[in-house]
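All values below were derived from every heavy atom in this structure, side-chain atoms included, with hydrogens, water molecules and symmetry-related copies excluded.
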Amino acid sequence: MIKEGVEKILSDLFKKSLTQVGNNYFTPQQVQENWIGNPAATTSEVQETELRLGIQLPEDYKEFLSIANGYPTHNDAVEPSFLEVGQIQYLKTYDHEIVEIWKGTGNDETGAILEQSIIIAGMNEEQYFLLIPPNNTTTVWRYWKFASWIPGEIEYKNLTDYFLDVISSIDSI
């Protein structure tokens with residue numbers, strides 16, 4: 001997807017997020033500018049994170065970072081806040097216990113997926129948004145919204161589909 005398309009989707013998402021009743025998550029400047037995202041990540045910030053994690057991040061996520069280096073949620077009970085690229089990490093580093101719980105319940109497949117996943121949203125919140133790198137069974141990145149209160153993960157084809165789903169959920173309120 002071209003950058004302008006993602007910018008339009010994020011702009012729509014941010015404007016709609018600002019209209020939510022009872023949201024006190026945004027600064028006056030964000031409201032005035034209709035933009036809740038952080039300033040774009042630099043190429044060096046992305047490269048440093050890739051080096052730290054030992055992986056090349058997916059192109060659509062890097063495209064997102066070139067527009068907004070994270071943004072707060074419009075609704076902390078439903079959608080996770082996206083982290084700045086320097087804050088992302090493997091879920092097993094951030095929340096090793098959840099990986100072990102899933103493995104310990106006999107759900108080895110989900111536990112193995114969680115062990116290799118990277119948390120890009122939802123740190124210290126009720127749900128995570130995870131990037132799951134390709135491995136020997138799949139050649140594509142996977143995108144999960146994951147929480148213990150969701151009966152299983154919600155999988156998205158890509159990051160854009162997630163953002164469009166969030167816009168749709170705001171429109172249905």
- Do any N or O atoms from the side chain of Thr93 and from the backbone of Gln89 form a donor-acceptor pair under 3.5 angstrom? no
- Item | Value rounded to 0.5 Å, distance of CH2 in Trp144 from CG in Leu130 | 8.0 Å
- Shortest non-hydrogen separation from Gln116 to Pro133 and the atoms involved: O-CD, 3.2 Å
- Task: Could you list the residues that satisfy ring pair (Phe, Tyr, Trp, His ring centres under 6.0 Å) with Trp141, not counting sequence neighbours?
- Result: none
- Task: Write out all pairs satisfying salt bridge (charged side-chain N to carboxylate O under 4.0 Å, His left out) with one or both partners inside residues 38-47, taking only residues at least two apart or from two chains.
- Result: none
- Determine the minimum heavy-atom distance between Gly122 and Ile119, stating which atoms define it. C-CD1, 4.3 Å
- Item | Flag, side chain of Thr49 to backbone of Val85, donor-acceptor distance under 3.5 Å | yes
- Could you tell me whether a side-chain N or O of Glu125 sits under 3.5 Å from a main-chain N or O of Ser81, the two making a donor and an acceptor? yes
- Partners of Phe129 by ring pair (Phe, Tyr, Trp, His ring centres under 6.0 Å), sequence neighbours excluded? Phe82, Tyr162
- Are Asp95 and Tyr90 close enough that some pair of their side-chain heavy atoms sits under 4.5 Å apart? no
- Note on the structure: Between Pro134 and Thr139 the two heavy atoms that sit nearest each other are CB-C, 3.7 Å
- Message: Are Ile113 and Trp102 packed together at the side-chain level, in the sense that at least one heavy-atom pair is separated by less than 4.5 angstrom?
- Response: no
- Who pairs with Lys103 by salt bridge (charged side-chain N to carboxylate O under 4.0 Å, His left out), at least two apart in sequence or on another chain? Glu115
- Item | Counterpart residues, salt bridge (charged side-chain N to carboxylate O under 4.0 Å, His left out), relative to Glu50 (two or more places apart) | Lys62
- Item | Spacing of CD1 belonging to Ile67 relative to OG belonging to Ser11, to within rounding of 0.5 Å | 10.5 Å
- Got Gln127 and Glu79 here, is their nearest side-chain heavy-atom distance under 4.5 Å? no
- Query: Which heavy-atom pair separates Tyr71 from Gly37 by the least distance, and what is that distance?
  - Reply: CB-CA, 3.6 Å
- If you measure from CD1 on Ile170 to NZ on Lys16, what distance do you get to the nearest 0.5 Å? 7.5 Å
- For the residue pair Asn158 and Tyr143, confirm or rule out a side-chain donor-acceptor distance under 3.5 Å. no
- Task: Heavy atoms only: give me the nearest Ser66-Ala40 pair and the separation to one decimal.
- Result: O-CB, 3.1 Å
- Query: Got Thr160 and Leu164 here, is their nearest side-chain heavy-atom distance under 4.5 Å?
  - Reply: yes
- Flag the pair Tyr128 / Tyr94 as yes when at least one side-chain heavy-atom distance between them is below 4.5 Å, and no otherwise. yes
- Item | Passing candidate, side-chain contact (heavy atoms from CB on, under 4.5 Å) with Asp60, options Leu131, Leu159, Asp161 | Leu159
- State whether the side chain of Asn38 and the backbone N or O of Asn69 hold a donor-acceptor pair below 3.5 Å, judged by distance alone. yes
- Message: Return the CG to CG distance between Leu65 and Leu57, rounded to the nearest 0.5 Å.
- Response: 7.5 Å
- Do Glu155 and Arg142 touch side chain to side chain, with heavy atoms closer than 4.5 Å? yes
- What's the shortest heavy-atom distance between Ile118 and Ile88, and which atoms? CG2-CD1, 4.0 Å
- Task: Could I get the full list of salt bridge (charged side-chain N to carboxylate O under 4.0 Å, His left out) partners for Asp12, not counting sequence neighbours?
- Result: Lys8
- Item | Donor-acceptor contact below 3.5 Å, side chain Gln87 vs main chain Glu84 | yes
- Message: Could you measure the distance from the CD1 atom of Ile120 to the CG atom of Leu91? Nearest 0.5 Å is fine.
- Response: 12.0 Å
- Interatomic distance, Ile36 atom CD1 to Ser17 atom OG [nearest 0.5 angstrom]: 4.0 Å
